[in-house]
There are 2 protein chains.
Amino acid sequence: MIQSIDRAMLIIEVMSDSQKDKWLPAELAEETGLPISTVYRLLQSLELHNLVSQIEHTKQYELGYKWVELGLKKYEKLDIRQVARPILEKLANDVEETVYLNTPNDDVSIIIERIDSPRNVRIIDSIGERIPMNIGAANKTMLAYSPPHNTDALLQRLIPEEAEREQFKQQLRSVKRKGFAISRGEKTEGTLAVGAPIFDFEGTVLGAISIEALAMQTTEEQLDYFIEKVTEAAEEISSAMGQVK
Amino acid sequence: MIQSIDRAMLIIEVMSDSQKDKWLPAELAEETGLPISTVYRLLQSLELHNLVSQIEHTKQYELGYKWVELGLKKYEKLDIRQVARPILEKLANDVEETVYLNTPNDDVSIIIERIDSPRNVRIIDSIGERIPMNIGAANKTMLAYSPPHNTDALLQRLIPEEAEREQFKQQLRSVKRKGFAISRGEKTEGTLAVGAPIFDFEGTVLGAISIEALAMQTTEEQLDYFIEKVTEAAEEISSAMGQVK
DNA sequence: ATTAAAATTCCGTATTGTGGAATTTATTCT
DNA sequence: AGAATAAATTCCACAATACGGAATTTTAAT
């Protein structure tokens with residue numbers, strides 16, 4: 001669109017791709033196919049804004065600190081709740097059930113968002129509530145994708161009985177294979193929940209979302225629909241949070 | 001230098017400053033003083049490179065994900081951070097408190113690393129956070145060792161009141177004599193921090209590290225211990241940085 | 001439906017960015 | 001050492017590019 005911006009970004013992309021992180025103007029000209037005088041002009045302009053910086057004594061250029069400054073700033077604002085809310089609203093509307101967003105916190109997870117469906121106004125759990133990490137569909141998906149040493153220590157505390165703990169781990173492996181979890185009556189008698197995990201750009205678990213419904217009123221077809229929708233929404237949130245695809 | 005790059009960055013800077021993080025083209029035109037058609041053209045070009053992105057349904061623009069992508073890439077390669085991390089980990093372990101690494105960036109410093117102590121898991125400040133240069137122990141040590149003309153201009157902006165500013169300069173001279181700084185409740189009520197500067201081989205300030213602890217729980221002996229450890233660690237990082245070319 | 005205001009696009013023009021060539025600086029050879 | 005060669009950097013006349021006022025389209029209000 002604007003040639004100089006396109007070309008400037010071409011230089012930036014070349015600098016950021018590949019292992020090499022220090023470039024001479026001539027090397028950049030070679031790599032981008034731009035006339036060398038053009039490369040000089042662009043580099044000078046980019047340097048003015050700290051988008052690239054020159055290493056005094058080798059004359060080489062590298063990416064500037066502005067990327068870190070603005071990158072970290074933007075990263076801070078990737079607030080999972082803000083990102084998730086519109087997606088959860090759509091989800092609640094689609095499935096006509098209450099949906100939750102949880103984040104892990106030591107041995108419990110905390111409900112940080114709840115969207116009530118327009119139809120079913122049965123409020124069971126409220127924002128801020130803490131649920132042991134081994135209870136409920138959402139929490140299980142988080143555990144299933146957490147680093148093993150964390151999970152092990154945590155389960156040691158929450159499930160002291162060895163055989164029971166092993167059985168639980170078996171469940172987690174199954175959850176990890178499938179990518180979602182279903183729980184029945186774990187947190188609240190007579191309800192079921194379908195949960196799916198949310199990841200950040202590194203693949204670290206940031207939280208999980210879940211749909212909660214009355215078991216009696218949920219058919220198999222609906223359950224399948226819930227699974228489809230909740231995994232879809234979770235993936236959408238992850239990708240909005242900056243997961244690399 | 002290159003007008004379109006300057007103007008594009010003007011828009012980016014406006015978007016990244018201030019709390020507001022979603023902007024309509026007209027608002028950006030108002031704020032930057034650029035003709036509105038120019039703002040449109042620039043935004044379209046920036047969007048092409050993911051430097052800004054448009055929120056579909058509000059038509060507003062925000063910073064794009066490219067900043068996070070390249071910012072984190074560059075951040076991973078920051079020499080000072082690589083060098084400092086093992087030393088900070090040892091420090092956090094020795095003093096059993098959370099330790100920070102900051103680098104100066106115009107009128108603020110940015111937290112680029114935080115190591116939580118195994119014992120005290122009170123997380124107060126997070127990576128990427130920006131703190132005015134006149135606040136906190138770490139920042140004061142950086143100012144104390146910065147070139148006077150930089151410091152003067154900066155303080156003029158941050159502390160408009162003359163007498164107050166002179167008093168602050170007095171503090172900086174004291175910090176420079178001692179080689180470390182102590183702050184009490186400046187950034188966070190009820191905490192204290194001990195900071196020490198990091199230099200490159202030429203003696204230029206690259207950043208500062210600090211230990212943060214709850215004021216109530218810190219005895220005089222512990223404070224002395226913190227001072228000893230933080231200056232020791234800072235010197236170790238400085239000398240390690242001198243060997244990186 | 002009508003009008004007004006705001007958002008977005010268009011397009012003739014002047015300004016800006018362009019890039020080949022000249023100049024300066026660094027390196028190698030005699 | 002100086003000359004020759006190569007690489008890095010700057011210059012500047014020119015035309016392609018980005019410019020921005022005005023026209024058009026969309027949205028909101030009445």
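Heavy atoms only: backbone and side chains are in, while hydrogens, waters and symmetry mates are out. Quick note on labels: first sequence line is chain A, next is B, and so on, each numbered from 1.
Computed from coordinates, the A:Ile36 CD1 to D:dA7 C1' distance equals 8 Å when rounded to whole Å. Regarding B:Leu42, its CG atom lies at a distance of 6 Å from the P atom of D:dC19, rounded to whole Å. Rounded to whole Å, atom P of D:dA7 lies 18 Å from atom CH2 of A:Trp23.
End-to-end axis angle for the helix from C:dA1-D:dT30 to C:dT30-D:dA1, using five pairs per end and rounding to 10°, comes out at 40°.
In this structure a side-chain-to-backbone donor-acceptor pair under 3.5 Å is missing from A:Asn102 to A:Asn139. Under a 3.5 Å cut-off, the side chain of B:Arg130 and the backbone N or O of B:Val108 do not form any donor-acceptor pair.
For DNA chain C, the span of nucleotides reached by chain A at under 4.0 Å from its heavy atoms goes, 5' to 3', from C:dG17 to C:dG20.
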Please walk me through it: do B:Leu28 and B:Val14 pass side-chain contact (heavy atoms from CB on, under 4.5 Å)? CA-CA 8 Å; B:Leu28 288 167; B:Val14 163; 3.9 Å; yes
Would A:Tyr100 and A:Glu113 satisfy side-chain contact (heavy atoms from CB on, under 4.5 Å), going step by step from the backbone distance to the final call? CA-CA 6 Å; A:Tyr100 294 91; A:Glu113 188 68 83; over 6 Å; no
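Contact annotation for B:Leu34: no contact, since no heavy-atom pair falls under 4.0 Å across all strands. Nucleic acid contact class of A:Glu27 (heavy atoms, under 4.0 Å, all strands): none.
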Considering only nitrogen or oxygen atoms on both sides, find all protein atoms under 3.5 Å from nucleotides 15-18 of chain D and state each distance.
unit_1: D:dA18; atom_1: OP1; unit_2: A:Gln3; atom_2: N; d: 2.2
unit_1: D:dA18; atom_1: OP1; unit_2: A:Ser4; atom_2: N; d: 3.2
unit_1: D:dA18; atom_1: OP2; unit_2: A:Gln3; atom_2: N; d: 3.4

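For the residue pair B:Arg173/B:Gln170, the side-chain donor-acceptor check at 3.5 Å is satisfied.
The minimum heavy-atom distance between A:Gln54 and A:Lys59, with the atom names listed, is NE2-O, 3.2 Å.
Checked against side chain to side chain donor-acceptor pair (under 3.5 Å), A:Glu228 has no partners two or more places apart in sequence or in another chain. Partners of B:Asp107 by side-chain contact (heavy atoms from CB on, under 4.5 Å), not counting sequence neighbours, listed by chain and number: B:Leu154, B:Arg157, B:Leu158. Listed by chain and residue number, B:Ser174, B:Phe180 satisfy the side-chain contact (heavy atoms from CB on, under 4.5 Å) test with B:Lys178 (two or more places apart in sequence, or in another chain).
Between the CG atom of B:Leu51 and the CD1 atom of B:Ile12 there is a distance of 5.5 Å, given to the nearest 0.5 Å.
Of all nucleotides listed (D:dT27, D:dG20, D:dC11), D:dC11 comes nearest to the side chain of A:Ser37.
In this model, the phosphate group of D:dG20 is approached by a side-chain N or O of B:Thr38 to a distance below 4.0 Å at OP1 or OP2.
By the neighbour-count criterion of 12 heavy atoms within 6.0 Å, atom CD of B:Glu189 is sparsely surrounded, having that number or fewer from other residues, nucleotides or ligands.
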